[in-house]
Each structure stands twice: as C-alpha cells, then as structure tokens.
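A short write-up of the structure that comes next.
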Amino acid sequence: MDGSFYITTPIYYVNDVPHIGHAYTTCAADVLARFHRMRGERVLFSTGTDEHGQKIAKAAQDAGLTPQELVDRVVLRFQDLWKRMHISYDVFIRTTDPEHERTVQSFFLLLKEKGYIYKGEYEGWYCVPCETFWTEAQLEGRLVCPDCGRPLERLREESYFFALSKFTEPLLRYLDEHPDFVMPESRFNEIYSFVKGGLKDQSISRLGVRWGIPVPGDPNHTIYVWFDALINYLTVVGFGRDRELFETFWPSAHHLVGKDILRFHAVLWPSMLLAAGLPLPRRVFAHGWWTVEGEKMSKSKGNVVDPLEVIARFGVDRFRYFLMREVSFGLDGDFSERAFVERSNADLSDNFGNLIHRTLNMVWKYRNGRVAKPSRYEDREWEELLQEVRERFFTFMDRFAFSQALGEVWRLVHFGNRYLDQKAPWRMVQDPILGEELDRVLYRLLDCGRMLGVFLFPFMPETATRLLQYLGVEEILKDHNPLALCDWGKGPSVFSVAQPEPLFPRLQG
RNA sequence: GGCGGUGUAGCUCAGUUGGUCAGAGCAUCCGGCUCAUACCCGGAGCGCCGGGGUUCGAAUCCCUGCACCGCCA
C-alpha cells in the first residue's frame, strides 16, 4: 500500500438542486475518505460543482441573473447539504475557479502540442438544452432529442476535435491488464465492448457558447463541458502547479460516479490522460440509482427526495446508514419510508443501539459505571469472531462493498446480544462468587463497543463519536491508525462510562 | 438487431474454482429471557424459472424455451 488515497465525487451540475443521488455518491465518498484516514493513510477527498455550459447560461437568463450569480447561489445549497451530512471533503472545486480554468487551458494546449487536438468541422443534429449532437443512426428518423424529446437543430460549425479514435487499442490493452479499473464487473464489460466497437474522435469545443472556458488562442470557441469538467480531477491535485501535491496523490485516484456518466469517466477521461502521457486513475466505480417508493424519481412526479428533509426528520446518521446499508453499492435501490423506518429500527435501535444501552445500563447499575480490565478476559469465541469480521470488513471496504462491510460489523452486534443473554449478568450479580466473571463479561462487551465505535465511524461519525465518548475512549479517534487498535487487549485499563442514553430511539412506523 | 447480464424462501438478496451451497436479513409462527429503546435469545416452516444434457455428484458447466435488465446500434 502506498499510503495515499485520492477519492472523488463527480462535480455536480448546478442547474439542479441537490437530491438523494448527489447525497448518495458524496456519502459513499465520505465513508471511504474517513475509512482510509483511519488506516493512517494520506487522504485527499474532493467534490465540487460543474458550472459551465449553455444550460446554465439559459437557466440564469430565465431567472434574470448572470450565470455567475446563479452558480454562486446554487453552490451554497450543495455546500450547506454537505455540511449537514458531515461530509469531510478536503477540496471543493468549482469549474469557474481561475485555477481550474488555467489548468484546463494548459491541458488543452498540451494535447494540442502532442498532436491529439485538431481543428475540423462538425455537422449534425443538435439539441440546445442538452448540448448534445446526435447522429442520424441514433435518431431513427425522428428529428427530436432522444433524451428530452425536444426538436433538434441542424448545426454545422467549426470545432476542435480530440483524437479519441487513436486510443481504442491502448485503452483496450489497459482494460485487459486492469480488470479492476472499472467496477462493478458488469460495467467493466459494457465499457469493454463499447471500446472494442471502436472510438470516434470527439468534438471538444463549441462556437457561440459564451459561458465556458475559451479555447486558448481562439476565444470564439469554448471548451466542451465534459472536457472541462473531467480535468477538475487534475486541478484538485495541483497538476501543473504543485508538484509535491500532484506526486502524492496522482494516480491514486478513485472516481465514484453514477452509472449515467460512466462512459465519460471510463473512456473519454482515460484517453485524455493517455494522450497527456499521464498514468490513469486506480478505479472508476459506477453506482446505481435510487427509485422512490418504487418509482423513478422525477421533478414532474414531484417525488424527488430532499436530503435536507430526511435529515431534519430522522437525523443524519440514520440517513447515512440507510444509504450505505440498504443496497449493494453498484446496484439500484429503492428509497421508501417504510424501508427506512424498518431498517433504522431493526438495525440501529433494536440491535445496535439497544446492545450498547443494555451494556452501559448494567455497567452503571452493577459497577457504578466503572469496570477495570480483568486479569484474564480472553475469550476464544470473541477472538475468532473478531478476527474474521475484521478481515472481511477490510476486504469489503476495499471493494467498496459498504453494505456487506456493515453486515460484518453487525455480526459483532448480534454476537454481543447473544453473549449477553447467555451470560445473563443480571443473574451473576446475585452471586458474589461470580463477581470477577461479571467484570470479564462487562469488560468484553465494553471493549466490543469500543471497536464498534471505530468500525462505524466512517459510516456514522456523529453516533460513533458519541458512543466512544460514552465509553470514555474517544481519544482513540485521534490515533494515527485507530483501526489497528480494534483488537482485544488494546482497550483501556479502566472503562469509566457515562450514564446511558439511547443512541437511536425507535421510530414510530 | 448485436453484445452482456439476471431469474434462489412471502420480500430483498449471498452463494469463489461443481461435492456440509441450500444460506442471511426482514416478514410469519412457536418457545425462552427480562439488564434493555415492547427489546434480546432460541427454534420452525417455505426455495434453486421451465425442459433437456454432461457427471459418481450441479443453484454452480453445456444446450434450449420463457421472463426481465443493462450497454450498443
């Protein structure tokens, strides 16, 4: 392991306000960032906004604002949401940042110098709102946009092209050698067959779009939004301006994307990098989409889930937990109130929260809140379970299998509850001879709680912190590598705990 | 139309290279416990899309039919 981990979300297009889809990607990225920090790695976590393009200019016009005014407003909504979701990003990049504009222009020039960018002419059917050209084949004879259904315009214009076609073979070779480059596997197969079909040169500039980054030396052209947007991943790591930063984090990049924008990240982006002579990111992971109450989310249906509302009603950690636990990362999922309440009550209140609560309650009741490390508290079953859970937890986290990773943590929770029932401290306490054994039982459970706090911190930072505070061991979070302390025997000499308060009161269904 | 994938308990899904792989969670039913947030623990029932084949043995491989999904055209 090289000790560096660069994790990115896409930069979100600001013609839309944040919804559950944005929250999902960003939450997953945050979980990864926190997890890798807890392993003692150097982590760079970036998110941001994509602010150029015709659509933005138009939306601004409709709202009676300048484009800059519009994007400045919408950006705040994203930043506010991330704050409320406890998103620990290191960098928030905006494509209107001057630094980014410089990076894009110099990248453009670099590719031009290398002969991968040329001037040509583009002709085709164009959808203005979608800013997309369509080929005759894609239209099946109808002159409306396959995406939005609006009429198309015949457009013929001078354009700069990126010689994407030259990268068909190199990219295929790269995919052959890096079967983990695109995940999940089903997406890898899609990309592979797409590339195998042969890549075509890509138009990367537009005439007449004012709201964008000008082509260097030819300011009538602005750079195509995707070409502009993808380069943000380089701007963030200081490409062309901060050598040390760049060498620390490139190419340890892991890009999280929705499945709808996978192709830009798995085909265009790597080709751009190959053209520039740069190494490719480690991984592009495409996750699924959320439906709501079984239906596709859409503005017209009015069923768009507002993350702020969910947080206000249920709390941030229930939301984060649900997103990460309910579906396998990579697959589609359904967001329903019933599922949310059930998941939250069953996992967080009944199993996890209650285990902590009953443990602390007994420690308080039987031992006045203090349990010293007993002389012999080893327990073979606990040790074997922890070892297996930890190993599998790490494996799943490395594969971005959040739900499965959490499933492993819950094996500890379940075992804790069973252990408690089997040992029945409420009976032990009646027999003074069993006093020492009672200490062992309670200490093991507290120590288990300590580890749960660490394992769960990436997913539910607020709750995990609270738990560790209850246990009086929150210092562990300041350690260079808290995950390495998740082992028996590494607990404190004395647990001095706070009086218990339920971590997750049950929700009324 | 081409390529790829999926079809496993009532629901959501795990099942690496064929031989404790017939499982988990939720739901249902039965029993137990009472420290706890009417929680927790234990037990039970029900299942490998249809058909054919390979094999000593297949959810797992092959063929075929049906259904659904994704990408491309």
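No hydrogens, no waters, no symmetry mates; every other heavy atom, side chains included, goes into these values. In what follows, chains carry the letters A, B, and so on, assigned in the order in which the sequence lines appear, proteins first and then strands, with residues in each chain numbered from 1.
- In this structure, CG of A:Asn361 is placed 20 Å from P of B:C33, rounded to the nearest angstrom.
- Taking only side-chain nitrogens and oxygens, A:Arg427 comes nearer than 4.0 Å to OP1 or OP2 of B:U34.
- Note on A:Leu503: a base of the nucleic acid sits closer than 4.0 angstrom, heavy atoms only.
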**Request:** Might you work through the ring-ring contact (aromatic ring centres under 6.0 Å, His included) test for A:Phe400 and A:Phe35, ending with a clear yes or no?
**Result:** CA-CA 11 Å; A:Phe400 299 179; A:Phe35 173 71; 9.8 Å; no

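- Whole-Å rounding puts the A:Leu406 CG to B:A14 P distance at 16 Å.
- For the pair A:Ile191 CD1 and B:C71 P, the computed distance is 11 Å after rounding to whole Å.
- Annotation: of the two residues near RNA chain B, A:Leu331 and A:Ser186, the 5′-most nearest-nucleotide partner is A:Ser186.
- Across all strands shown, B:A58 forms no Watson-Crick or G-U wobble pair with both key distances under 3.5 Å.
- Within the 6.0 Å centre-distance limit, the rings of A:Tyr233 and A:His265 are counted as a close aromatic pair.
- In this structure, A:Glu185 places its CD atom 22 Å from P of B:C69, rounding to the nearest Å.
- Under 4.0 angstrom from either OP1 or OP2 of B:C72 there lies at least one side-chain N or O belonging to A:Arg263.
- Sequence order on RNA chain B of the closest nucleotides to A:Pro502 and A:Lys259 puts A:Pro502 first from the 5' end.
- Across all strands, A:Lys196 comes closer than 4.0 Å to no nucleic acid atom at all (heavy-atom distances).
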**Test log, rule ring-ring contact (aromatic ring centres under 6.0 Å, His included), inputs A:Tyr224 and A:Phe161** = CA-CA 10 Å; A:Tyr224 174 51; A:Phe161 283 81; over 10 Å; no

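- Using N1 to N3 plus N6-O4 or O6-N4 for Watson-Crick, or N1-O2 and O6-N3 for G-U wobble, each under 3.5 Å, B:C68 pairs with B:G5.
- Rounded to whole Å, atom P of B:A38 lies 10 Å from atom NE2 of A:His357.
- Remark: B:U12 base-pairs with B:A24; criterion is Watson-Crick or G-U wobble with both hydrogen-bond distances under 3.5 Å.
- Each ring-ring contact (aromatic ring centres under 6.0 Å, His included) pair with one or both residues in residues 349-371 of chain A, not counting sequence neighbours, appears once here: A:Phe352-A:Trp410.
- Residue A:Glu384 qualifies as enclosed at atom CD: its count of foreign heavy atoms under 6.0 Å is above 12.
- A straight line from CZ of A:Phe352 to C1' of B:C26 spans 20 Å, rounded to a whole angstrom.
- When the C1' atom of B:U6 is taken as reference, atom CD of A:Glu190 falls 13 Å away, rounded to whole Å.
- Figure legend. B:A38 is base-paired to no nucleotide; pairs are counted as Watson-Crick or G-U wobble with both atom distances under 3.5 Å.
- Here B:A14 presents its P atom at 15 Å from CD of A:Glu408, a figure rounded to the nearest Å.
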Just the table, please: protein N/O against nucleotides 39-44 of chain B N/O, every pair under 3.5 Å.
| from | atom 1 | to | atom 2 | distance (Å) |
| --- | --- | --- | --- | --- |
| B:C39 | OP1 | A:Arg506 | NE | 2.9 |
| B:C39 | OP1 | A:Arg506 | NH1 | 2.8 |
| B:C39 | OP1 | A:Arg506 | NH2 | 3.3 |
| B:C39 | O5' | A:Arg506 | NE | 3.3 |
| B:C39 | O2' | A:Asn354 | ND2 | 2.1 |
| B:C40 | OP1 | A:Asn351 | OD1 | 2.9 |
| B:C40 | O2' | A:Arg358 | NH1 | 3.2 |
| B:C40 | O2' | A:Asp421 | OD1 | 3.2 |
| B:C40 | O2' | A:Asp421 | OD2 | 3.2 |
| B:C40 | O2 | A:Asp421 | OD2 | 3.2 |
| B:C41 | OP1 | A:His414 | NE2 | 3.2 |
| B:C41 | O4' | A:Asp421 | OD2 | 2.5 |
| B:G42 | OP1 | A:Arg418 | NH1 | 3.1 |

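- With A:Phe194 as the aromatic partner, A:Arg263 meets the cation-pi criteria of under 6.0 angstrom to the ring centre and within 45 degrees of the ring axis.
- Two rings, from A:Phe167 and A:Phe162, have their centers less than 6.0 Å apart.
- As judged by a 4.0 angstrom heavy-atom cut-off over every strand, A:Pro425 is placed among residues making no nucleic acid contact.
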